[in-house]
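Let me begin by presenting the structure, written as structure tokens, before commenting on it.
We number each residue from 1, following the sequence as shown.
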Amino acid sequence: MFGNFIYFIIVLLIYSTYQPSEDTNFTALETLFLFILLTIIFAVITWLQFQRIEKQISKESFAKVDHKFHAALTRQSVMAIVLFSLDIYGLNLVSFVSNIPLLYIIPTLQALLFLGLFVFYLAIVWAFAYSPYNALYTTGLPRESYILSNISFSVPILLPWLLLSGIADIINVLPFKLPKQMLATTEGQVLYFLVFLVAVAMIGPLMIQKFWRCKPLEAGHVRTRIENVCRQAGMEYANILYWPIFGGRMITAGVMGLVKKFRYILVTGAFIRFLEPDEIDAVIAHEVGHIKKNHLLFYLVFFVGYMLVSYATFDLLIYGVLYAEPLYGFIGRIGLNQTTLTSSIFSIVIIVIFLVYFRFIFGYFMRNFERQADTYVYTLFDSAKPLISTLEKIALTSGQPPDRPNWHHFSITKRIDYLKKCETDKSWIGRHDWKIKKSMAVYLTGIILIGAVGYQLNYSETGRQLNQHFFETVIKRELEKTPDNADLYSILGDIYYSRQNYAQTIEAYEQSIMLEPHNPKALNNLAWLLATCEDQDFRRPRRALGLAQKAAALEKAPHILDTLAESYYVNGEFEAAVAAAMRALDLATGDRSYYQKQLKKFMDSTLKTRTTA
């Protein structure tokens with residue numbers, strides 16, 4: 001089931017990294033036909049896969065059919081992701097709906113539309129998987145409950161994203177500038193994400209338990225035993241709830257919530273019916289162990305760590321895509337769309353990073369946290385034999401091989417074997433605790449180093465130079481394609497100016513003005529450089545004044561009038577500088593302190609001139 005979490009996050013990454021292209025691969029009618037055809041082919045292949053497995057149930061061993069069933073389930077789920085990718089990148093479905101006004105204004109609605117499409121594909125898989133599932137495990141669970149349980153268990157992973165994205169959309173729609181300005185910066189986005197992540201981690205369980213339609217466990221001996229174990233461990237919680245996952249037929253329990261006000265203990269009907277009192281105590285002690293060992297808090301740290309990894313590698317990915325330009329030229333000659341190709345490369349790399357991080361790093365800690373929660377039973381009780389017998393019951397009632405490997409849990413066999421080692425030698429408990437401490441130290445060290453790399457790439461002088469070189473390379477390559485683009489030369493001049501490369505700055509601005517003589521931005525920027533350059537060799541006061549006058553005649557903006565005032569000032573025309581500065585101050589909005597300082601400078605020079613005279 002946890003694999004479904006990964007599938008949904010991968011699909012979200014595929015969707016979010018796609019950049020809609022103006023040119024689609026097919027017409028609207030062709031796209032509709034291909035979409036329906038591909039969906040039908042996917043459904044037929046899925047049906048055939050599970051039909052064949054159902055026929056093999058009576059002919060082959062349980063273990064062999066069980067393996068084939070789960071392999072087919074995984075294979076068809078991955079095929080659903082592939083089909084979704086074809087819809088996005090091959091059929092360009094996003095391009096056909098992105099201009100719908102409501103979806104354009106609130107992008108989260110558009111994302112929900114396509115995530116709903118993926119849920120539909122998975123529902124096809126689960127619908128056809130039901131018959132062999134029910135025949136193989138004899139659960140008696142209705143088809144509808146099987147499908148809805150898979151959906152309801154998986155969808156909550158999207159709730160934080162839905163709220164995060166939805167609130168950002170609302171902020172962008174509302175007429176308030178400050179929140180929009182904050183979200184427009186990298187720092188603001190990171191801060192918004194971290195604050196939101198902490199908030200959702202605290203109150204998210206409240207929303208999830210309502211989404212799952214959990215109900216409070218009634219008073220009785222089971223509730224009393226759970227309350228006693230929690231009291232013995234000193235763990236507070238909000239409520240004990242029935243967990244209706246898969247109709248409550250699974251023997252399982254869970255705990256969620258970082259803070260006690262929104263912390264819930266979840267138990268299924270099968271958990272209550274099939275476990276003995278001491279087994280109930282042992283399982284609840286396991287769940288308490290997750291809280292007492294701060295596993296939920298560490299999971300939050302791992303998500304923040306993933307954001308740091310993504311943040312640090314994003315610029316490297318940008319540079320890699322840029323320097324793959326020769327490859328683009330080759331691919332362009334064979335007819336592929338460069339925008340689609342770039343989006344595809346981004347998606348593939350980001351998905352690979354995600355899979356490696358969660359499959360190997362996050363999965364490693366999940367497995368070892370589960371083992372640590374198992375051994376926590378010894379903190380409350382002398383023996384873990386009731387937990388061992390519970391694990392044996394789970395293996396028996398689930399019908400699944402106890403030695404099946406799992407990326408987020410050790411197999412039941414391995415869990416039982418480790419607990420038996422602890423029964424004979426309690427030092428194994430401390431050894432595992434020490435293993436986790438060392439692993440966390442290594443992880444945190446690695447994340448700090450990766451964070452430092454990300455900081456260097458984005459905020460240090462090295463990062464600034466890399467970014468400037470990146471933009472310069474991009475602009476020069478665009479100029480090779482469009483050599484008459486005056487705006488690109490103007491931007492190139494800005495880059496050279498930030499490097500204090502004044503000769504190339506002047507050359508770029510002059511080229512921009514030659515191509516577009518009435519470009520106020522280039523006229524203004526060149527005028528400012530010729531009037532104020534720290535290198536006196538590049539100053540040309542009279543030329544600066546002429547350029548500034550042309551720019552001011554084309555556009556009456558505060559910064560342009562300020563350049564005009566400065567140009568008058570360096571030419572000794574102080575009264576004209578004061579007049580221009582006053583006009584700039586009148587037009588200025590927001591922080592006017594700079595323009596006030598400029599006006600004072602010009603007025604002081606005027607007074608000195610009059611006093612001298």
Next item on the list: Give the C-alpha distance, both sets of side-chain angles, the deciding distance and a yes or no for side chain to side chain contact (heavy atoms under 4.5 Å, CB included) between R213 and S152.
Entry: CA-CA 10 Å; R213 298 181 181 178; S152 65; over 6 Å; no

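- Taking the charged nitrogens against the carboxylate oxygens, E236 and K261 have no contact shorter than 4.0 Å, which rules out a salt bridge.
- The environment of NZ in K64 is sparse: at most 12 heavy-atom neighbours from other residues, nucleotides or ligands sit within 6.0 Å.
- A donor-acceptor contact closer than 3.5 angstrom is absent between the side chains of Y418 and E423.
- Ring orientation note: the planes of F302 and F362 are nearly perpendicular, at an angle over 60° on the 30°/60° scale.
- In this structure, H432 places its NE2 atom where more than 12 heavy-atom neighbours from other residues, nucleotides or ligands lie under 6.0 Å away.
- There is no side-chain donor-acceptor pair under 3.5 Å between T268 and Y242.
- Here L217 contributes atom CG and I240 contributes atom CD1; the two are 6.0 Å apart, rounded to the nearest 0.5 Å.
- Of the candidates I280, T252, T390, L266, I280 is the only one forming a side-chain contact (heavy atoms from CB on, under 4.5 Å) with F271.
- Rounded to the nearest 0.5 angstrom, T39 OG1 and I124 CD1 are separated by 6.5 Å.
- A side-chain donor-acceptor contact under 3.5 Å links R231 and N228.
- Within a 6.0 Å sphere centred on CD of E218, heavy atoms belonging to other residues, nucleotides or ligands number more than 12.
- The side-chain contact (heavy atoms from CB on, under 4.5 Å) check on E276 picks up D278, E279, K393, with sequence neighbours excluded.
- Note: F84 and F118 have perpendicular aromatic rings, judged against thresholds of 30 and 60 degrees for the angle between ring planes.
- Taking NZ from K420 and CD1 from I388, the interatomic distance works out to 6.5 Å, rounded to the nearest 0.5 Å.
- The salt bridge (charged side-chain N to carboxylate O under 4.0 Å, His left out) test applied to D87 returns no partner, not counting sequence neighbours.
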Item checked: Working for side chain to side chain contact (heavy atoms under 4.5 Å, CB included), residues V11 and F114 -> CA-CA 9 Å; V11 163; F114 284 96; over 6 Å; no

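- Under the side-chain contact (heavy atoms from CB on, under 4.5 Å) criterion, Q232 pairs with L380, F381, sequence neighbours left out.
- Among the candidates K55, R52, K68, the single residue satisfying the salt bridge (Lys or Arg N to Asp or Glu O under 4.0 Å) test with E60 is K68.
- Classified by interplanar angle (parallel below 30°, tilted 30° to 60°, perpendicular above 60°), the ring pair F358/F303 is tilted.
- In this structure, a donor-acceptor pair under 3.5 Å is absent between the side chains of H295 and E370.
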